[in-house]
Amino acid sequence: MSALAHVPTGSGRSASPPPAARPGRHRFLPYLLLLPGAAWLFLFFAVPILQLAAASLYDPEGSLSTGYALTWAFGNYPTALQAYWPQFGRSFLYAGIALVLALLMGYPLAYAIAQKAGRWKNLLLVCVIAPMFTSFLVRTLAWKTILSDNGWLVGLLRDVHLLGPDGRLLATPVAVVLGLTYNFLPFLVLPLYASLERLDYRLLEASSDLYANPLKTFRRVTLPVSMPGLIAGTLLFFIPATGDYINAELLGTPNQYMIGNVIDSAFLVRLDYPQGAALSFLLMSAILAVVFVYLRRAGTEEVL
């Protein structure tokens with residue numbers, strides 16, 4: 001008999017394997033971890049949205065002094081759209097033009113930082129995001145000074161005869177579009193940089209070795225790699241630019257007002273809560289529709 005058979009155990013009993021963990025014991029742990037975030041979204045997103053939806057159906061004849069009654073007045077929506085459809089169209093037009101300008105400037109900038117900057121990469125990234133360290137309002141007021149009739153930019157354009165003697169930039173659609181482009185440009189550049197940084201330069205060399213011209217290399221190699229950042233950046237740019245009202249307020253006139261200015265006036269000046277809420281829901285619906293169509297088309301093109 002083996003000597004190990006005579007060795008006593010500590011308790012006099014034979015050792016037994018540990019009990020197997022019960023299946024599903026931690027099944028609810030992920031949901032518990034999600035609970036704080038879900039509660040936050042419910043309290044500060046879902047509840048205000050529901051309250052805004054109720055306000056959009058208030059009796060339009062009500063007021064703060066007499067009170068508002070929930071009369072399910074769905075007519076608030078066509079009435080608001082009929083009264084302010086020019087501001088709706090202007091919002092999407094200005095945001096679209098600003099997005100095109102931002103792409104023309106932001107894509108080459110993101111590519112240069114990601115692939116060509118070398119040891120200057122971090123410094124250039126800081127330069128891109130440094131304006132965001134200051135207030136949105138302060139940055140827009142700075143553009144008001146730059147575009148003023150007595151500013152250096154207008155003087156230069158007059159000297160080279162791109163503006164007439166009485167020409168101006170401030171209080172024009174050009175000023176509003178430039179303000180939108182400047183203020184939201186970092187939201188486009190940073191996602192693009194994150195995608196382009198992952199681009200393997202050897203793929204570009206292989207494309208050149210296969211006799212692809214630079215345009216075809218961009219279309220077949222660089223653009224597909226940057227597509228996730230491009231989609232994210234355009235959405236991060238376009239959505240807040242469409243609903244913005246600060247640039248039109250400070251750099252434009254009532255003739256350049258966007259739908260955000262109308263909503264601001266409805267809530268804070270005219271105190272017409274049903275109309276302001278209806279316009280807000282119409283704006284959200286229009287943006288969601290544009291985003292849905294864009295994502296469907298972008299996803300299809302990415303697959304192709």
[X] and [Y]: side chain donor to acceptor below 3.5 Å:
X	Y	value
Thr234	Tyr294	yes
Asp264	Asn261	no
Gln82	Thr79	no

Tell me, do [X] and [Y] make a side-chain contact under 4.5 Å, heavy atoms counted?
X	Y	answer
Asp272	Phe267	no
Asn247	Asp244	yes
Leu235	Leu295	yes
Glu197	Gln115	no
Val262	Arg270	yes
Phe238	Phe92	yes
Val221	Leu199	yes
Leu163	Arg168	no

Using the rule that two of Ile, Leu, Val, Met, Phe, Trp, Tyr join whenever any of their side-chain heavy atoms come within less than 4.5 Å, decide whether [X] and [Y] are in one cluster.
X	Y	value
Met258	Leu137	yes
Met105	Val189	no
Leu41	Leu288	no
Leu104	Leu178	no
Val290	Leu93	yes

**Study point:** Close aromatic pair by centroid cut-off 6.0 Å: Tyr257 and Tyr84
**Key:**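 Between Tyr84 and Tyr257, which both carry aromatic rings, the centre distance is not below 6.0 Å.
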Over all atoms of both residues, closest heavy-atom pair of [X] and [Y]:
X	Y	result
Val128	Pro186	O-CG, 3.6 Å
Leu52	Met284	CD2-CE, 4.1 Å
Ser195	Pro228	OG-C, 4.0 Å
Gly276	Ala266	CA-CB, 3.7 Å
Phe184	Phe237	O-CD1, 3.1 Å
Ile263	Ser280	CG2-OG, 3.5 Å

Review point. Can you list every pair that meets ring-ring contact (aromatic ring centres under 6.0 Å, His included) and has a residue in residues 137-165, with sequence neighbours left out?
Key: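 The answer is Trp143-Tyr182.
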More than 12 foreign heavy atoms under 6.0 Å from [atom1] of [X]: is that the case here?
X	atom1	result
Lys121	NZ	yes
Phe136	CZ	yes
Asp159	CG	yes

Check your understanding: Can Leu153 and Leu169 be said to form a side-chain contact (heavy atoms from CB on, under 4.5 Å), step by step?
Key -> CA-CA 9 Å; Leu153 181 59; Leu169 293 177; 3.9 Å; yes
Check your understanding: How far apart are the C-alpha atoms of Thr217 and Ser207, what are their side-chain angles, what is the distance that settles it, and do they pass the side chain to side chain donor-acceptor pair (under 3.5 Å) test?
Key -> CA-CA 6 Å; Thr217 299; Ser207 177; 2.7 Å; yes
Could you measure the distance from the [atom1] atom of [X] to the [atom2] atom of [Y]? Nearest 0.5 Å is fine.
X	Y	atom1	atom2	result
Leu124	Leu109	CG	CG	7.5 Å
Ile246	Leu141	CD1	CG	9.0 Å
Ile259	Leu282	CD1	CG	8.0 Å
Tyr107	Leu223	OH	CG	5.0 Å
Ser63	Tyr58	OG	OH	13.0 Å
Ile287	Ile239	CD1	CD1	6.5 Å

Exercise for review: Check step by step if side-chain contact (heavy atoms from CB on, under 4.5 Å) holds for Met132 and Phe187.
Suggested key: CA-CA 10 Å; Met132 300 178 67; Phe187 295 101; 3.7 Å; yes
Review point. Do the side chain of Arg139 and the main chain of Pro131 share a donor and acceptor less than 3.5 angstrom apart?
Key: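 Yes, because the side chain of Arg139 sits within donor-acceptor range (under 3.5 Å) of the backbone of Pro131.
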Check your understanding: Would you find a donor on one side and an acceptor on the other, under 3.5 Å apart, between the side chain of Asn213 and the backbone of Lys216?
Key ->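 Yes, Asn213 side chain to Lys216 backbone: donor-acceptor pair under 3.5 Å.
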Practice item. Among Leu70, Thr66, Leu64, find the residue that satisfies the side-chain contact (heavy atoms from CB on, under 4.5 Å) test when tested with Tyr68. Key: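 Per the side-chain contact (heavy atoms from CB on, under 4.5 Å) rule, the option paired with Tyr68 is Leu64, out of Leu70, Thr66, Leu64.
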Practice item. Check the pair Ile146 / Val154 against side-chain contact (heavy atoms from CB on, under 4.5 Å), numbers first and verdict last. Key: CA-CA 8 Å; Ile146 294 172; Val154 171; over 6 Å; no
